[in-house]
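What follows is a single structure, written as structure tokens, with notes after it.
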Amino acid sequence: MSVETKGFGELLEELNRMRRTNESRAVATRALRAGAQIILDDMKRRASTDPRRRTGDLMEALDVSGVSVHGKKKYITVGAHRKDWEKRAHKPEDGENVYYPAYVEYGHGGPGPAPAHPYMRIAFDSEKQKAYEAMRRVLTEELRKKG
């Protein structure tokens with residue numbers, strides 16, 4: 001059995017052209033952000049209901065990072081980023097500045113032990129397919145504009 005395909009040369013040419021432009025970087029960023037937003041929305045939903053929301057610090061700290069480039073790959077992270085914790089969640093007058101998102105996710109045995117209330121990993125695991133589809137949708141729309 002043989003299969004005849006057409007158009008792959010043009011598609012590869014267009015993808016290679018897009019890869020080298022500022023436009024392509026913007027498209028990649030939009031695609032990554034579209035996927036990350038789906039995971040972030042689920043993460044916030046889970047973090048707001050289990051455990052019971054107290055101060056709002058955790059909710060304020062949950063966000064999508066900027067896009068990072070490592071070699072030829074682009075990355076984006078979703079969650080409570082330690083480097084942003086002081087900037088977003090706490091003011092100097094609040095006193096002690098304890099970074100606790102991980103303690104909520106994994107639980108702790110410290111004074112007043114608390115069980116785990118997963119909201120980060122479970123959001124990723126349950127929404128990764130929708131996130132992938134959102135990224136694919138952005139990329140497909142951009143390719144259609146070129147066609």
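Taking the side chain as every heavy atom from C-beta outward, S48 and Y119 never approach each other to under 4.5 Å.
Residue M43 is grouped with residue I76 when hydrophobic side chains (ILVMFWY) are merged at heavy-atom distances under 4.5 angstrom, including chains of intermediate members. Both L58 and V64 belong to a common hydrophobic cluster when Ile, Leu, Val, Met, Phe, Trp and Tyr are linked at side-chain heavy-atom distances under 4.5 angstrom.
Annotation: the span from L62 atom CG to R45 atom CZ amounts to 13.0 Å, rounded to 0.5 Å. Once rounded to the nearest 0.5 Å, the distance linking CZ of R144 with OG1 of T140 reads 6.0 Å. Interatomic distance, I38 CD1 to M135 CE, rounded to the nearest 0.5 Å: 8.5 Å. R30 CZ to R137 CZ: the interatomic distance, rounded to the nearest 0.5 Å, is 14.0 Å. Atom-to-atom distance recorded for Q37:CD and D42:CG is 11.5 Å, nearest 0.5 angstrom. Here CD1 of I39 is found 13.0 Å from CD1 of I122. Values are rounded to the nearest 0.5 Å.
Here the shortest heavy-atom pairing between M59 and A47 reads SD-CB, 4.0 Å. Minimum interatomic distance between P113 and G109 (heavy atoms only, all atoms of both residues): CG-O, 3.9 Å. Here the shortest heavy-atom pairing between R46 and S126 reads NH2-OG, 3.2 Å. Closest of all the heavy-atom pairs between S68 and H70 is CB-NE2, 3.8 Å. Looking at every heavy atom in both residues, A131 comes nearest to G35 through CB-O, 3.3 Å.
Not counting sequence neighbours, the partners of E127 by the salt bridge (charged side-chain N to carboxylate O under 4.0 Å, His left out) test are K130. Annotation: salt bridge (charged side-chain N to carboxylate O under 4.0 Å, His left out) contacts of K74 (sequence neighbours excluded): none. By the salt bridge (charged side-chain N to carboxylate O under 4.0 Å, His left out) test, D125 pairs with R121, sequence neighbours left out. Y106 meets the ring pair (Phe, Tyr, Trp, His ring centres under 6.0 Å) test with no other residue; sequence neighbours excluded. Qualifying side chain to side chain donor-acceptor pair (under 3.5 Å) partners for T29, counting only residues two or more places apart in sequence or in other chains: none. When the salt bridge (charged side-chain N to carboxylate O under 4.0 Å, His left out) test is applied to R136, no partner is found at least two apart in sequence or on another chain.
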(request) With side chain to side chain contact (heavy atoms under 4.5 Å, CB included) as the test, would you mind laying out the steps for F124 and V78 before giving the verdict? (result) CA-CA 9 Å; F124 173 78; V78 182; over 6 Å; no

